[in-house]
Amino acid sequence: MLTKQTLAALAETDLIINETLRDLLAHEGTDSIFERVGTLRSVALVVLVAWFTNRFIKEFQDVVVLPRRDGTDSRWDSATSSAVGRVLRASVIITTGLLILQAYGLPIEGVLAFGGIGGIAIGFAAKDLLANFFGTLMLLIDKPFVVGDWIRSPDREIEGTVEDVGWRTTRIRTFDRRPLYVPNSNFASLTVENPERMENRRIYETFRVRYEDMPNVKKIIDDVREMLRNHAAIDTTRTLMVNLDTYTEFSVNFFVYTFTKTTDWTEFHEIKEEILLKISDLVRKNGADFAFPTQTLYLENEIPPRIPELSTA
């Protein structure tokens, strides 16, 4: 039978053991909490830096496309700025993910090695996607066109205004307001014409007058040439030609070859209309008229009319 002293000793021992276990558990829990707080603090710091970097890239992307203080256009167009911004933001997101994995003690070397092997497999599986990606890079480097340009391709039925240059396709709005999506890899083999970058627009027309107006042809040509040289909308630093061209079955032809100062499509046609009307007035002012297809039938024993001699003026 246990004595009172023995029972008291056992109770005291049990109390000591319980207190010791309680202290150990409390100490272990405190260390675990502090370790987790440190990890969460590191992750939060990484996320905040990534958030700040993304915001900075977005603001920088908006600033670089603004006009300069001297009023000239920025060297960066919206398509290039958007593409560079996307690459930088993607890099920030990937780096943030790797840092978070490292903060939780996961080895990122294996992730990077797996990414290299997976990248090769993805490259073979998505070669068209990669071709479009590198096609986009070439468009951004060479800049054959930018957003807002009117382009067309003589190789295919592509003509319209560029609305967006994406990573895979370029969206073009045709003149009948339909969206046309062209894979960027196609521009590596397409011939693209960019009328927006013309320096002038050309007027090249042929005019036909009657054979009976031959004495006045020289005077008509001189008047048309002088009118063009004095016209405010004609660029006289470019080639300006008004010359007799050829004789046809029913007309004497002369041509006009000149350039306007404007490249605007609407304004160009207004100028061309004005010049064509002035040429018509000059032809009639000199007593001549435009020719149209005719045939003259001479009967037997009929003397044909005499053709007027050329003027020596």
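Only a predicted model underlies this, so the values are computations on that prediction, with no experimental measurement involved. Scope of the values below: all heavy atoms of this structure, side chains included, with no hydrogens, waters or symmetry mates.
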Taking NZ, NE, NH1 and NH2 as the nitrogens, is one of them in D222 or K219 under 4.0 Å from a carboxylate oxygen of the other? no
R210/D213 salt bridge by N-O under 4.0 Å criterion: yes
Give a yes or no on whether the ring-centroid distance for F187 and F145 is below 6.0 angstrom. yes
Are the aromatic ring centres of W51 and F56 under 6.0 angstrom apart? no
Side-chain polar contacts of residues 266-273 - donor-acceptor pairs under 3.5 angstrom, sequence neighbours left out - could you list them?
{"from": "E267", "atom 1": "OE1", "to": "T262", "atom 2": "OG1", "distance (Å)": "3.1"}
{"from": "K272", "atom 1": "NZ", "to": "E205", "atom 2": "OE2", "distance (Å)": "2.8"}

Counting C-beta onward and ignoring hydrogens, is there a side-chain heavy-atom pair between R238 and R202 closer than 4.5 Å? no
Between T170 and N184, is any side-chain donor less than 3.5 angstrom from a side-chain acceptor? yes
Is the closest side-chain donor-acceptor distance between D155 and T191 under 3.5 Å? yes
Heavy atoms of R89 and N54 approach each other most closely as CG-OD1, 3.2 Å
Shortest non-hydrogen contact from A291 to F250? CB-O, 3.7 Å
Can you classify the ring geometry of F254 versus F207 as parallel (below 30°), tilted (30 to 60°) or perpendicular (above 60°)? parallel
Plane angle bin for W150 and W265 - parallel if under 30°, tilted between 30 and 60°, otherwise perpendicular: perpendicular
Using the rule that Ile, Leu, Val, Met, Phe, Trp and Tyr join whenever any side-chain heavy atoms are under 4.5 Å apart, tell me whether L282 and L244 fall into a single cluster. yes
Over 12 non-hydrogen atoms of neighbours within 6.0 angstrom of CZ in R171: yes
